[in-house]
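Everything below concerns the one structure shown next.
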Amino acid sequence: MTASSSPTPELAQLEALYDAHNRQAIGLAYRIVGDLGDAEEVVQEVFLSAWRSGHTYDPARGSTHTWILSMVRNRSIDVLRARQRRPTQQMPEGIDPVDSSDVPTLAVSNVDAETARVAMNSLPPEQKQALELAYFGGLSHSEIAAQLAAPIGTVKGRIRLGLDHLRVAMGVHQDLLSAS
């Protein structure tokens, strides 16, 4: 085997990271942006960013899984906001959209996703709604407050209480998060 045909150790690490997290990353991006092509682009950008800035990853702040999915969420929200600033184009006649119905199903099949789903469903409705609008809808606190016709302090409180409840339900220890 020649030197040019074997991947570098860094590339091998990127491939392993991608293999471990790409399905959930695409599922999350798809749920936020609602378009499989955009979701795949988001995930590609995130993994390239992770490769370039891997030295900034701090294991004391959370797992690589959490790091990757946080970057996917943030980049997906950026895509949503950019989409709102530009007009959308209709799909030309004669082109069938991609059937992406199984991407969310694949993501939910993961044990972590199932635990998160159960934890989300155990939240009081007002906390669940505020969290979904913030994390899956990409809305700011003030946008959520306007949509729910609730004071911004109430929205922030619901999100904080919901996150605290999820942390307990998912078994994440507070001391890991306080290092940030």
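Note that these values count all heavy atoms, side chains included, but never hydrogens, waters or copies made by symmetry.
Atom CD of Glu126 sits about 10.5 Å away from atom OG1 of Thr154, to the nearest 0.5 Å. Taken from CG in Asp38 to CZ in Arg75, the straight-line distance is 9.5 Å, to the nearest 0.5 Å. Expressed to the nearest 0.5 Å, how far CD1 of Ile26 lies from CD of Gln44 amounts to 10.0 Å. To the nearest 0.5 Å, atoms CG (Asp19) and CD (Glu15) are separated by 7.0 Å. Residue Leu133 holds its CG atom at 5.0 Å from CD of Gln147, rounded to the nearest 0.5 Å. Of the inter-residue distances, the one linking Leu28 atom CG with His21 atom NE2 reads 13.0 Å to the nearest 0.5 angstrom.
Between Arg81 and Asp78 there is no salt bridge, since no side-chain nitrogen of the basic residue lies less than 4.0 Å from a carboxylate oxygen of the acidic one.
Shown here for Val46 and Ile68, the closest heavy-atom pair between the two residues is CG1-O, 4.0 Å. Of all heavy-atom pairs between Arg158 and Ala150, the closest is NH1-CB, 4.4 Å.
Taken together through direct or relayed side-chain contacts under 4.5 Å among Ile, Leu, Val, Met, Phe, Trp and Tyr, Leu131 and Ile152 form parts of separate hydrophobic clusters. The hydrophobic cluster containing Leu166 does not contain Leu161, counting ILVMFWY residues as joined when their side-chain heavy atoms lie under 4.5 angstrom apart, directly or transitively.
Annotation: side chain of Arg160 is not in contact with side chain of Lys156 (no heavy-atom distance under 4.5 Å). Side-chain atoms of Val42 and Ile32, non-hydrogen and from C-beta on, never get closer than 4.5 Å to each other.
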